[in-house]
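Written below as structure tokens is the structure these notes are about.
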Amino acid sequence: MNGPAAIVRVTGLRKSFGANEVLKGIDLSIMPGEVVCVIGPSGSGKSTLLRCVNLLEKPSAGRVELLGVDITDPDADIDKVRAHVGMLFQSFNLFPHKTVLGNLTLAQVKVLGRTMAEAEEVAMRNLSHVGLADRANAYPAQLSGGQQQRVAIARSLAMDPRLMLFDEPTSALDPELVGDVLAVMRDLADAGMTMMVVTHEMAFAREVGDRVIFMDDGVIVEQGTPAQVIGSPSTERARLFLHRVLHPIDIADSELGETEPIDPVLDRQEWDALHHEEPAD
Ligand code: ADP
Ligand code: MG
């Protein structure tokens with residue numbers, strides 16, 4: 001094989017929980033510096049795919065290579081490879097009884113064997129990157145959700161990751177806090193980090209993603225540039241999903257069934273009824 005080695009190479013990946021097969025044969029490579037955004041309906045297997053890439057879930061079949069190491073090989077030193085991978089979840093998972101600085105130094109000292117002085121220097125540098133150097137001595141509970149998520153990103157970066165995995169990192173945040181976290185992620189992408197990002201933020205996927213993957217029902221239904229997949233999806237499934245995400249309040253007549261046309265000026269009851277429709281996830 002020619003060219004640079006893939007950071008992630010997934011081949012024929014399958015994953016079942018009992019009788020429920022949630023990944024049905026996934027093939028996927030991510031090259032150094034690439035930002036791959038994964039979109040798709042709730043339950044389509046996005047989180048499971050991300051967790052299989054990091055071997056937080058054990059694949060039922062297929063192969064996952066991370067940084068050139070086949071981590072599905074029983075003899076592979078998984079912890080060694082995993083130390084180079086940062087993973088961010090919806091919840092921030094900071095240690096509540098430790099300061100921001102304490103959260104950032106812990107794994108550096110324990111896992112990478114850095115001295116406390118080194119770890120603190122790396123921590124402060126990364127807190128500066130996410131705009132939070134002045135909060136080093138705060139406790140997580142004293143920070144907003146957006147600040148906590150930026151601390152969590154800085155904590156991952158302090159480990160010098162070769163790959164960052166994000167699973168809907170902004171979906172637990174109040175809307176006005178989302179932008180700061182996305183801005184940090186965009187800076188990271190601009191700095192050349194290899195990233196796999198499960199997100200419902202279509203503007204982010206469009207602007208920052210090199211490639212967008214649309215998953216549904218355990219398979220990759222389509223992938224391509226953001227302009228292709230988000231701008232002009234080629235499958236009906238992707239079109240419907242994108243419509244629901246981009247126009248959550250625009251409910252098709254067919255979904256409402258037999259109803260009177262809605263008056264342009266909604267009365268209170270109609271407004272409530274509309275808002276009891278589950279928004280697209
Ligand atoms: P997504 O992230 O796209 O919403 P998930 O990967 O979380 O989808 O879930 C895909 C399917 O796998 C769902 O039907 C979910 O219920 C199931 N699933 C996920 N994790 C587990 C688990 N640990 N045990 C059993 N079923 C699971
Ligand atoms: Mg998920």
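All ligand and atom numbering here is 1-based and tracks the order in the structure.
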Self-check item: Shell of protein N/O/S atoms around the Mg ion (ligand 2), taken as anything under 2.8 Å
Solution: S47 OG
Quiz item: Going by atom types alone, do E57 and T48 pair a side-chain donor with an acceptor below 3.5 Å?
Solution: no
Self-check item: Min N/O separation V22 to ligand 1 under 3.5 Å
Solution: no
Practice problem: Identify the heavy atoms of C37 and G209 that sit nearest to each other, and give their distance. | Solution: SG-CA, 4.0 Å
Practice problem: Start with the C-alpha gap between V151 and L104, add the side-chain angles, then the distance that decides, and say whether side chain to side chain contact (heavy atoms under 4.5 Å, CB included) holds. | Solution: CA-CA 8 Å; V151 169; L104 264 79; 3.7 Å; yes
Quiz item: Who's the nearest protein heavy-atom neighbour of atom 1 (P) of ligand 1, and how far?
Solution: G43 N, 3.4 Å
Quiz item: In terms of ring plane angle, is the pair H247 and H243 parallel, tilted or perpendicular, where the classes change at 30° and 60°?
Solution: tilted
Quiz prompt | Which residue and heavy atom of the protein sit nearest atom 7 (O) of ligand 1, plus the separation | solution = S47 CB, 3.7 Å
Quiz item: Counting heavy atoms only, which of N20, I39, V198 is nearest atom 14 (O) of ligand 1?
Solution: N20
Self-check item: Pair E236 + R239: basic N to acidic O under 4.0 Å
Solution: yes
Quiz item: Which protein non-hydrogen atom lies closest to atom 3 (O) of ligand 1, naming both residue and atom, and how far is it?
Solution: K46 NZ, 2.8 Å
Quiz item: What atoms of ligand 1 come within less than 4.0 Å of a heavy atom belonging to P41?
Solution: 3 (O)
Practice problem: For atom 9 (O) of ligand 1, find the nearest protein heavy atom and state the residue, atom name and distance (0.1 Å precision). | Solution: T48 OG1, 3.9 Å
Quiz item: What residue pairs, at least two apart or across chains, pass ring-ring contact (aromatic ring centres under 6.0 Å, His included) with a residue in residues 201-222?
Solution: F214-F241
Quiz item: Does a salt bridge link R9 with D27, judged by any charged N lying under 4.0 Å from a carboxylate O?
Solution: no
Quiz prompt | Under-4.0 Å protein heavy-atom contact, atom 16 (O) of ligand 1 | solution = no
Quiz item: Shortest non-hydrogen contact from G146 to V181?
Solution: O-CG2, 3.6 Å
Show me the side-chain donor-acceptor pairs of residues 62-88 shorter than 3.5 Å, one per line, residues at least two apart or across chains.
from	atom 1	to	atom 2	distance (Å)
D70	OD1	T72	N	2.9
D70	OD1	T72	OG1	2.4
D70	OD1	D73	N	3.4
T72	OG1	V64	N	3.3
D73	OD1	D75	N	2.8
D77	OD1	K80	N	3.4
D79	OD1	R82	NH1	3.4
R82	NE	N54	O	2.9
R82	NH2	L55	O	2.9

Practice problem: Ignoring angles and geometry beyond distance, decide whether G45 reaches within less than 3.5 Å of ligand 1 through its nitrogen or oxygen atoms. | Solution: yes
Quiz prompt | For atom 24 (N) of ligand 1, closest protein heavy-atom neighbour | solution = F17 CD2, 3.4 Å
Quiz item: Have S47 and D167 got a donor and an acceptor in their side chains that come within less than 3.5 Å?
Solution: yes
Using distance only, find each side-chain donor-acceptor pair of residues 115-132 under 3.5 Å and give its atom names and separation, not counting sequence neighbours.
from	atom 1	to	atom 2	distance (Å)
T115	OG1	E118	N	3.1
T115	OG1	E118	OE1	3.4
E118	OE1	T115	N	3.1
N126	ND2	V122	O	3.0
S128	OG	M124	O	3.0

Quiz item: Does G40 come within less than 4.0 angstrom of ligand 1, counting non-hydrogen atoms of the residue?
Solution: no
